[in-house]
Amino acid sequence: MRDGPSRPARMDVRVTGDDLRTRTARERTQSRLLVLSAGFFGLFGAVALKLATATVIMPMAPEQRQIAPQVPPIPRSDPKGMLAGDFALPQVHRASVTDRNGQVLAISLPVAQVYANPQEMIDAQDTARKLRTVLPALDEAELIRRLSTKKQFVYLARDISPMQEVAINNLGIPGIYFEPGERRHYPLGRVAAHILGAVDIDDHGVAGIERSMDKRLDRDRTPLRLSLDVRIQAVVRDELAAAKDLFQAIGACAIVMDVNTGEIIAMVSLPDYDANDFGRADPDARFNRAVTGMYEPGSTFKLQTAAMALQLGVAHPWDRFSSIPIHIGRFTIADMKSDHFAPWLTLNEVMAYSSNPAAAHVALDVGAQRQQDWLRGMGFFAPVPIELPEAGRPIVPQMRNWGISTVMTVGFGHGVAEPPLAIVRGTAATVNGGILLHPTLMARDGEQPDDTAPLTPAVADGAAPTLTPAVLTTPATAETTETANAASMPGATRVISPEISALLRRILRLDVTKGTGKTAESPGYFVGGKTGTAEKIGPHGGYLKHVNIAAFTSIFPMNTPRYAVYVMLDSPKATPQTHGWTTAAWNAAPTVSKIVTRVGPMLGLFPNTTNPQAVEDALAIPLEPAVPHGYRPLGPGNDPGDPRNQPKTPSHEAAHTAAATQTPRTRLHAARAEQAVPGRPTHPEVRG
């Protein structure tokens, strides 16, 4: 009986103990869960904070490599065109071409080629009908034929735009695929078409800059910056086209070049073509007359004759030369019948009046070998070094045929054929301090000479230099700003002393103020230059009467030469305003005047209205300079080549034999009897 009540008490103790252990375990589990929850809460909180920071508070910009293949750069507002030179599309690989100010001249645009797998076509007719809704130019019958073949690959269309690609893709036609590509586009059409050239179907250059710089354009996507200024290019083309139409010329060209850097600012050849239609352009339109065309330079070459004579010291401004016609067998070197020159002309008058016989006398004084050496040194025997594969090789007589008749005819610009750019290059070298430059179509960075700098230390405003033998023959020891700038250019070579260059500037200015180039004047710009008219050679040899190549090569401003301007008209016709004349003074020279007047302000040069007379006085040189004391000038009584004193005519062979031992001046005796070189065109009256 005592044991009965005690058993339930012991059971209560056991139950209570189990409950405590369970409760303790539960509490431990809850604590651990709380700690774990707090850990997860902190971890997810940190992740959430990081995400909020990266996407909302401080979002991170995606890397360019992540989005470039899909998303092109977002255009920025650029009202002044400052970013044009950096314009490039990520979808294309060929670099764009710009002018010196960043204006795009050539650019590759993204396109697509559409092709199909006919084996995957469900309904060829339905597919062709749908494709024509996007590409209406396609031939539906031809499309059906292509899509019905057993082939697995056929082209349907080439060079479609991205919008057309999206539209075709939205049609949902199975078996239609796209191949990415690019197409070259020339936004300005005809502007600089001869310079830019073209590319083939595979985007490889086939002409112009596209060809010469093909590897550079494919390798480096940085835009290629040319020296051209499209504003100047447009003005020059406008004026040249107007002159070509007015005088009904069959062709024309014009060049503007920086004489201190060699940069080509404008180069126009007419007729021209749209660069986007290179393959369909007429061959005559694709012909670049500025670098490929070969023309007798005519009297523009007298500048080289005068330059070599002065530089070599064989002639001076006060020396006189006979203007009487020269008879060579049955041929005659003479001036125009309307010219009434004095029998003897100073070198300055020879240049201003453009006398052919007198220029021939000057060339004889230089002599054949020195004439050849000079022309070779000035680059007239080789293609002009320019970044155009179309640059042609000049046509010059063979050295073994360079007889005395050749010396004379070359002296006034006949018997050789040169590209216009070669004439511009040679003209620049005579006025920029005597530096022969490599012309270039690539923009050159660097400061230009100060426009306010004096012409030379000896030719400052209001102080004309004295024409002493020392000034004409002593080598320069100090360079002007523009000379130093030109001498620092790649490939630059000194060919003329600064003193002779300064003298030639004044002689060229004289041709505009008192000579044949009066119509080239542009008030305030002090233009200097030389006219040149050569009778054109016919298809069967021989000169064509009254069919001329009229050209004018010029520099402005002559007090601080900056730019060369050249204009050439091929076979111009006379008009009532020209009174029946087709020479350069009536057509090419006035065109130069119009170009200079319009492009001067664009180039940052404005007419001098402050002290024009002082500049004119500094540039002035008399037509008949006084002879320095102690000098006996060439001329009457001191000229073995006086045609009135010529001896009996020797034979052709004897003339060449005697030429080897005679002085240059006495060679004129032999020249009187030398026949023209066989096969060369005859030289009738030649208009300069």
Side-chain angles (χ1 to χ4, degrees), residues 81 84-85 87-89 92-111 158-159 161 181-218 221 223-241 244 251-256 263-293 386-392 419-421 439-443:
F87 185 73
L89 296 174
V92 300
H93 74 276
R94 192 172 180 86
S96 58
V97 180
T98 73
D99 81 336
R100 65 188 305 111
N101 300 314
Q103 173 65 53
V104 175
L105 300 175
I107 187 171
S108 291
L109 301 176
V111 294
R158 290 179 177 271
D159 297 342
S161 69
E182 59 188 74
R183 180 178 61 189
R184 204 64 165 168
H185 180 63
Y186 304 94
L188 301 185
R190 295 177 180 271
V191 175
H194 292 94
I195 296 173
L196 294 172
V199 297
D200 60 15
I201 193 172
D202 296 318
D203 260 3
H204 295 145
V206 295
I209 287 293
E210 295 279 20
R211 179 179 175 184
S212 64
M213 306 300 290
D214 186 56
K215 293 183 179 178
R216 153 64 175 86
L217 292 170
D218 279 340
R221 293 182 67 251
L224 180 66
R225 183 166 164 258
L226 301 184
S227 61
L228 296 178
D229 187 324
V230 293
R231 303 169 305 164
I232 309 302
Q233 183 85 7
V235 168
V236 172
R237 187 191 183 281
D238 182 41
E239 292 295 346
L240 188 67
K244 177 179 176 292
C253 80
I255 300 170
V256 178
E263 292 173 291
I264 303 299
I265 308 300
M267 179 185 290
V268 179
S269 177
L270 296 178
D272 57 8
Y273 62 97
D274 189 328
N276 296 293
D277 294 324
F278 177 83
R280 293 187 292 270
D282 185 86
D284 183 56
R286 292 204 305 260
F287 184 71
N288 189 346
R289 287 163 169 78
V291 297
T292 310
I386 187 72
E387 299 90 350
L388 290 177
E390 297 83 11
L421 184 56
T440 181
L441 287 165
M442 301 296 111

(Q) Considering only residues two or more places apart or on different chains, which pairs with a residue in residues 276-286 satisfy salt bridge (Lys or Arg N to Asp or Glu O under 4.0 Å)? (A) Asp277-Arg280, Asp284-Arg289
Q: Kindly indicate whether the side chain of Glu210, heavy atoms from C-beta on, has any atom under 4.5 Å from the side chain of Tyr186.
A: yes
Q.
Is the distance between the ring centroids of His194 and Tyr273 under 6.0 Å?
A. yes
Q | Any donor-acceptor N/O pair, Ser108 side chain to His93 backbone, under 3.5 Å | A | no
Q: Give the C-alpha distance, both sets of side-chain angles, the deciding distance and a yes or no for side chain to side chain contact (heavy atoms under 4.5 Å, CB included) between Ile264 and Leu421.
A: CA-CA 10 Å; Ile264 303 299; Leu421 184 56; 3.8 Å; yes
Q. Roughly how far apart are Ile255 CD1 and Met267 CE, rounded to 0.5 Å?
A. 5.0 Å
Q) Does the pair Leu270 and Arg190 meet the rule for a side chain to side chain contact (heavy atoms under 4.5 Å, CB included), with working shown? A) CA-CA 10 Å; Leu270 296 178; Arg190 295 177 180 271; over 6 Å; no
Q) Can you list the residues that meet the side-chain contact (heavy atoms from CB on, under 4.5 Å) rule with Arg183, with sequence neighbours excluded? A) Val111, Asp159
Identify every side-chain donor-acceptor pair in residues 196-204 under 3.5 Å, counting partners at least two apart or on other chains, and give the distances.
from: Asp200; atom 1: OD1; to: Asp202; atom 2: N; distance (Å): 3.0
from: Asp200; atom 1: OD1; to: Asp203; atom 2: N; distance (Å): 3.1
from: Asp200; atom 1: OD1; to: His204; atom 2: N; distance (Å): 2.8

Q. Between Gly293 and Pro420, which heavy-atom pair has the shortest distance, and what is it?
A. O-CD, 3.6 Å
**Q.** Of all pairs that satisfy side-chain hydrogen bond (donor to acceptor under 3.5 Å, both in side chains), the ones with a partner from residues 226-237, not counting sequence neighbours
**A.** Asn101-Asp229, Asp229-Arg231, Arg237-Asp272
**Q.** Under the side chain to side chain donor-acceptor pair (under 3.5 Å) test, residues paired with Thr440 that sit two or more places apart
**A.** Glu387
(Q) Assess the residue pair Ile265 and Arg100 against the criterion (side chain to side chain contact (heavy atoms under 4.5 Å, CB included)); give the C-alpha distance rounded to whole Å, side-chain angles, the decisive distance to 0.1 Å, and a yes or no. (A) CA-CA 9 Å; Ile265 308 300; Arg100 65 188 305 111; 3.6 Å; yes
Q) Of all residues at least two apart in sequence or in a different chain, which pass the salt bridge (charged side-chain N to carboxylate O under 4.0 Å, His left out) check with Asp218? A) Arg94
